[in-house]
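Everything below concerns the one structure shown next.
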There are 2 protein chains.
Amino acid sequence: MSRSYRQFCGVAKALDLVGERWTLLLVRDLILGPRRYTDLLHGLPGLTTNLLAKRLRELTRHGLIRRTTLPPPASVLVYELTEEGRRLEPVVLALGAFGAEYMTEPSPEDLMNARWSAVSLRRRFRGSPQQGIVQLEIGEQLFQARFGDEIEVRDGTPWAPDVRLMGDLPTWGALLTGRERLRDLVKRGRLRREGPAQISSAFARSVRIRP
Amino acid sequence: MSRSYRQFCGVAKALDLVGERWTLLLVRDLILGPRRYTDLLHGLPGLTTNLLAKRLRELTRHGLIRRTTLPPPASVLVYELTEEGRRLEPVVLALGAFGAEYMTEPSPEDLMNARWSAVSLRRRFRGSPQQGIVQLEIGEQLFQARFGDEIEVRDGTPWAPDVRLMGDLPTWGALLTGRERLRDLVKRGRLRREGPAQISSAFARSVRIRP
DNA sequence: CGGAATCCTCTTCGATACTG
DNA sequence: CAGTATCGAAGAGGATTCCG
């Protein structure tokens, strides 16, 4: 039985469920899609295996994630958010918006991660008159964003992209913190584009990336 | 020096600052206005004095709250959110929205608190064509809400209200969790109104209170 | 190799007592 | 009123071991 604040208040009830250390970071890492135990473990250095197991048990017990098997041929055990768990996305995005102000330059000991950058796209998005599908290649990792009135960001390559944007993680970091402009990074060859510039520009505007 | 996740990610940076136990509840209790040390302590049963002092020190060091003296004649030491600290309100409201689903009936050991109910008005608000100032009297405590396009909720009686709504805490709880309807509570005398019903109705609609 | 449980140490939390 | 000081209990971090 875990500790509770015992307050009849939504904020306290929420923190009873997800206020423990690491819990909301786990949720963040599940927002883009299901992940397996070791993916989660390796994606969260500092989190130990016993604590991960414990947190996954708690989240499962509260109905916020479930353990399931991916359809063949993958047939692999993964954890994924339930519908209830998806309701935590606004919490994660609000925290991200608050914390983003404290994220100018990565400090030397800061870990960087492509997935965290991809998650931030959801909260950066402000709607776009145009629509399209962008494939983001952040180092070795692929994500796709389908945008228009809404934006959907997914792990992997579920769709056929209109345009691909390719760069390493520090490059994407510089772009997403506003330290660099898109056109400069393309000019210097740190970011590569394949496909119509019009769509990548619309995407950039929609997620507040400096053109 | 406090523990850090050391991740270059807004969510992690936010949790580095406010992810510890009690911190966000403290922020919640400061949203409606400045409070003194003992008010905070008594408003958060279970939080001990040494931990409160520690949390206040951390929040102050991070620039999220400040210690200040109320203008005379009060001349009393209080803690209040800074501008930076106010940026946490969306986080608190998002948590409240998530947790509200788990808040049907108060369990016997759940504490209730007028202030927490008043904070929830901000997240429940969805805009109103009409405007007005409602005084909420929740047990002994007074709050005011000025609403229209936006809503502002304040501790105490800063304005001249158009209408007053008076009831005890359980009554307000039943109203705000949707267990009871406004008109039934008024009919049964558990809620009293003083002032034009038109304004209290507009207010009720705007904060999703069942008419 | 993925998915844990165990053991041990260290830090944080909680309860109470005490002080300017 | 506004905090410190002290101390046992709970939780987190790290390494190792176990199981299918």
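In the text below, chain A, chain B and the rest are named by the order of the sequence lines, each starting its count at 1. All values derive from a computational prediction rather than experimental measurement.
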Contacts of B/S107 meeting side chain to side chain contact (heavy atoms under 4.5 Å, CB included) (sequence neighbours excluded), chain-then-number -> B/E109, B/D110
Among all residues two or more places apart in sequence or in another chain, which pass the side chain to side chain contact (heavy atoms under 4.5 Å, CB included) test with B/E89? B/I31, B/L93, B/R122
Whole Å only: how far is the [atom1] atom of [X] from the [atom2] atom of [N]?
X	N	atom1	atom2	answer
B/L41	C/dG14	CG	P	13 Å
B/E20	C/dC13	CD	P	5 Å
A/L44	D/dA12	CG	P	15 Å

Of the residues in residues 23-36 of chain B, which ones touch DNA chain C at a heavy-atom distance under 4.0 Å? none
Could you tell me which residues satisfy side chain to side chain donor-acceptor pair (under 3.5 Å) with [X], sequence neighbours excluded, listed by chain and number?
X	value
B/T177	B/R179
B/S117	none
A/R87	A/E84

For residues 157-166 of chain A, which residue pairs qualify under salt bridge (charged side-chain N to carboxylate O under 4.0 Å, His left out), counting only residues two or more places apart or in two chains? A/E137-A/R164, A/R164-A/E194
Under 3.5 Å, which donor-acceptor pairs link side chains of residues 145-161 of chain A to any protein atom two or more places apart or in another chain?
residue : atom : partner : partner atom : Å
A/R146  : NH2  : A/E152  : OE1          : 3.0
A/D155  : OD2  : A/R115  : NH2          : 2.7

Helix axis bend for the helix from C/dC1-D/dG20 to C/dG20-D/dC1 - C1'-based end axes, five pairs, 10° rounding: 30°
Considering only residues two or more places apart or on different chains, which pairs with a residue in residues 92-117 of chain B satisfy ring-ring contact (aromatic ring centres under 6.0 Å, His included)? B/F98-B/Y102
Closest of C/dA15, D/dA2, C/dC13 to the B/T48 side chain is C/dA15
Please enumerate all protein N or O atoms sitting under 3.5 Å from an N or O of nucleotides 4-7 of chain C, with distances to 0.1 Å.
residue : atom : partner : partner atom : Å
C/dA4   : OP2  : A/Y79   : OH           : 2.5
C/dA4   : N7   : A/T49   : OG1          : 2.8
C/dA5   : OP2  : A/R57   : NH2          : 2.9

In chain order, what residues pass the ring pair (Phe, Tyr, Trp, His ring centres under 6.0 Å) check against B/Y5, with sequence neighbours excluded? A/W22
Examine the side chains of A/T171 and A/R190 and answer whether a donor and an acceptor come within less than 3.5 Å of each other. yes
